[in-house]
Protein chains: 2
Amino acid sequence: MPKVVDHRARRIQVADAVQKLVTEEGLDRVTVARTAATAGFSVGHVQHYFPTKDEMLLFTHERVVRKILDRVSALGERATRQQLPIRDVVVEGLGEWLPVDARRRSAHRVVLAFLGRTVDNPGLARSHAETGRLIRSMLATAVHNGKECGEVPADTDPDLAALELHSLTEGLALQLGSGADTDTDPGAAESQAALGLVTARVRAVFPGRCRQYG
Amino acid sequence: MPKVVDHRARRIQVADAVQKLVTEEGLDRVTVARTAATAGFSVGHVQHYFPTKDEMLLFTHERVVRKILDRVSALGERATRQQLPIRDVVVEGLGEWLPVDARRRSAHRVVLAFLGRTVDNPGLARSHAETGRLIRSMLATAVHNGKECGEVPADTDPDLAALELHSLTEGLALQLGSGADTDTDPGAAESQAALGLVTARVRAVFPGRCRQYG
DNA sequence: GTTTTTACCATATGTTCATATGGTAAAAAC
DNA sequence: GTTTTTACCATATGAACATATGGTAAAAAC
């Protein structure tokens with residue numbers, strides 16, 4: 001072996017370049033050569049870490065989604081430590097999917113660009129469906145916990161509530177994403193409206209107050 | 001001039017071939033040659049009616065969207081003739097955007113495929129934003145009319161309600177669209193859940209009954 | 001110190017595709 | 001009946017790109 005190299009770190013460097021390119025120019029302007037240039041690598045270097053372009057794209061997509069999910073999870077853990085109302089955690093978690101600032105906008109654009117490819121790429125379609133299921137199951141769990149805690153009425157259907165909140169958020173993300181023409185703050189008013197709507201619907205599902213234990 | 005030819009009809013034939021290809025194989029498997037073959041034309045023929053591929057794609061996209069909007073409009077007119085409750089019309093109109101049968105699924109796939117291109121195509125992004133605005137304004141009008149008619153409480157914000165219903169529907173469409181792996185009925189159960197959810201939220205916005213005039 | 005393995009690179013290759021080009025034919029115009 | 005215009009076609013052309021190829025160098029293994 002020559003120089004000891006952190007394989008995963010290199011792949012991430014490449015993936016970051018892909019994300020930047022997708023965000024700024026769209027998925028079909030991503031070429032291996034451009035990615036290499038953006039990352040400051042040679043084409044051969046990129047090839048060394050990703051034998052095929054497809055692998056490179058898939059890795060990037062998975063990483064972007066993973067980063068969002070990790071954030072949401074971290075939010076959940078922080079919340080249980082600090083005994084926050086579930087309702088607030090749900091609002092914050094859903095907010096991670098809205099393109100309301102540069103970071104989230106970049107992630108959203110990547111997700112959106114890949115979403116358009118689910119039509120012809122079954123692997124991508126599966127991955128997207130899987131992510132959706134995961135989100136809804138997290139939401140359903142939150143609703144379930146909310147019931148035990150007293151925030152949610154007993155007759156609420158967790159799965160249906162989860163589907164509603166998830167769909168509403170994704171739909172809003174689409175709307176915000178397109179309106180964001182300028183690279184400056186893209187309609188702060190619209191962002192507020194979207195966040196307000198999500199908050200309102202979450203409050204409708206979680207109308208109660210948590211009974212404090214201990 | 002030689003043979004008198006209906007220019008628009010030819011373009012539509014080509015656009016239909018594009019729609020078929022996008023639906024079945026995805027946007028980036030659409031080439032001029034494949035489109036020509038699908039439509040039963042020569043490449044030169046397609047070129048004659050669409051000087052550039054971009055024009056061909058844009059025309060197809062606009063046509064698919066237009067067809068949905070026309071259906072929704074027709075729905076609205078039929079409803080005013082027959083004095084149907086606004087609520088029911090809204091549910092049906094929103095239903096046009098859900099991929100619950102082959103026709104709507106095809107349209108949805110086209111919309112979705114092009115949606116992924118809004119990132120790098122400002123024209124497409126504008127068009128998509130425009131369509132969204134149109135849908136929401138139709139919904140807001142429906143809510144407004146519902147107030148005058150007595151179906152909607154006076155303190156409802158029409159724009160906010162419109163945004164909610166529109167976003168919810170688009171979000172549900174995304175979820176359904178991905179789940180539909182098989183070419184058979186794609187999760188009739190999921191379709192039902194989606195339609196049920198839309199119906200429920202529309203009923204929440206239009207809880208009242210229309211006072212009959214005359 | 002030789003061998004082997006891995007990192008990394010420049011350039012070659014072959015394919016796919018949009019579009020250009022140089023046509024034929026037929027109908028309208030006059 | 002000649003001219004012009006439009007419909008339509010087969011094939012040429014050149015660009016973009018993913019991937020293959022044939023390298024060099026450096027470090028570990030022994």
Side-chain angles (χ1 to χ4, degrees), chain A residues 1-22 24-62 113-114 116-117 119-121 123-124, chain B residues 1-22 24-62 113-114 116-117 119-121 123-124:
Chain A
M1 264 186 265
K3 283 183 273 180
V4 167
V5 157
D6 185 344
H7 234 250
R8 182 166 177 82
R10 297 284 200 214
R11 283 164 74 93
I12 286 178
Q13 281 183 286
V14 174
D16 285 347
V18 172
Q19 172 166 9
K20 185 169 147 70
L21 276 177
V22 173
E24 290 173 1
E25 312 189 37
L27 190 44
D28 42 32
R29 299 225 44 197
V30 175
T31 69
V32 175
R34 258 195 281 272
T35 302
T38 302
F41 293 148
S42 73
V43 172
H45 186 102
V46 171
Q47 275 183 307
H48 186 63
Y49 291 100
F50 293 103
T52 70
K53 188 190 181 186
D54 247 39
E55 237 182 286
M56 182 179 88
L57 295 180
L58 258 358
F59 181 84
T60 303
H61 178 245
E62 199 177 305
F114 279 93
R117 267 52 176 205
V119 173
D120 58 306
N121 188 330
L124 259 178
Chain B
M1 263 186 269
K3 282 183 274 180
V4 168
V5 157
D6 185 346
H7 234 251
R8 182 164 177 82
R10 298 285 201 211
R11 284 163 73 92
I12 285 178
Q13 281 183 285
V14 174
D16 285 346
V18 172
Q19 173 166 8
K20 185 166 146 71
L21 275 177
V22 173
E24 291 174 1
E25 312 189 36
L27 190 44
D28 41 35
R29 298 224 45 196
V30 175
T31 70
V32 175
R34 257 193 282 270
T35 302
T38 302
F41 293 147
S42 73
V43 172
H45 186 102
V46 172
Q47 275 183 309
H48 185 64
Y49 292 100
F50 294 104
T52 69
K53 186 189 180 187
D54 249 39
E55 236 182 285
M56 182 180 88
L57 295 180
L58 258 358
F59 180 85
T60 302
H61 178 244
E62 199 177 306
F114 279 93
R117 271 42 179 211
V119 172
D120 59 305
N121 189 330
L124 259 179

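Numbers restart at 1 for each chain; the letters A, B, ... are given by sequence-line order, proteins then strands.
B/Val22 and B/Ala113 make their closest contact through CG1-CB, 3.9 Å (heavy atoms, listed as atom of the first residue, atom of the second, distance). Shortest non-hydrogen contact noted between B/Asp120 and A/Glu25 is CB-O, 2.7 Å.
Backbone-only contact: B/Tyr49 has heavy atoms under 4.0 Å from sugar-phosphate atoms and none from a base.
Going from atom NE2 of B/His45 over to atom C1' of C/dT24 covers 16 Å, rounded to whole Å. Here D/dA7 presents its C1' atom at 14 Å from CD of B/Gln13, a figure rounded to the nearest Å. Atom CG in B/Asp6 sits roughly 16 Å away from atom P in D/dT6 (whole-Å rounding). As a whole-Å value, the separation of B/Arg10 CZ from D/dA7 P is 9 Å.
Considering CD of A/Gln13 and CZ of A/Phe41, their distance stands at 4.0 Å, rounded to 0.5 Å. Atoms CG and NE2, from B/Leu57 and B/His61 in turn, are 10.5 Å apart once rounded to the nearest 0.5 Å.
Closest approach to the A/Ser42 side chain among C/dC9, C/dC8, D/dA7 is made by C/dC9 (side chain taken as heavy atoms from C-beta onward).
Residue A/His48 has no polar side-chain atom (N or O) positioned under 4.0 Å from OP1 or OP2 of C/dC8.
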Original post:
What one-letter contact string describes nucleotides 13-21 of chain C from 5' to 3', where B marks a base within less than 4.0 Å of any protein heavy atom, S marks contact via sugar-phosphate atoms alone, and - marks no contact?
Top reply: ----SSBB-
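Under the side chain to side chain contact (heavy atoms under 4.5 Å, CB included) criterion, A/Ala37 pairs with no residue at all, not counting sequence neighbours. With sequence neighbours excluded, no residue satisfies salt bridge (Lys or Arg N to Asp or Glu O under 4.0 Å) with A/Arg11. Remark: B/Asp28 pairs with A/Arg117, B/Arg117 by the side-chain hydrogen bond (donor to acceptor under 3.5 Å, both in side chains) rule, at least two apart or across chains. With sequence neighbours excluded, the residues that form a side chain to side chain contact (heavy atoms under 4.5 Å, CB included) with B/Ser42 are B/His45.
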Original post:
In dot-bracket notation, what is the pairing pattern of DNA chain D, taking Watson-Crick (N1-N3 plus N6-O4 or O6-N4) and G-U wobble (N1-O2 and O6-N3) contacts under 3.5 Å, with [ ] crossing and | for other strands?
Top reply: ||||||||||||||||||||||||||||||
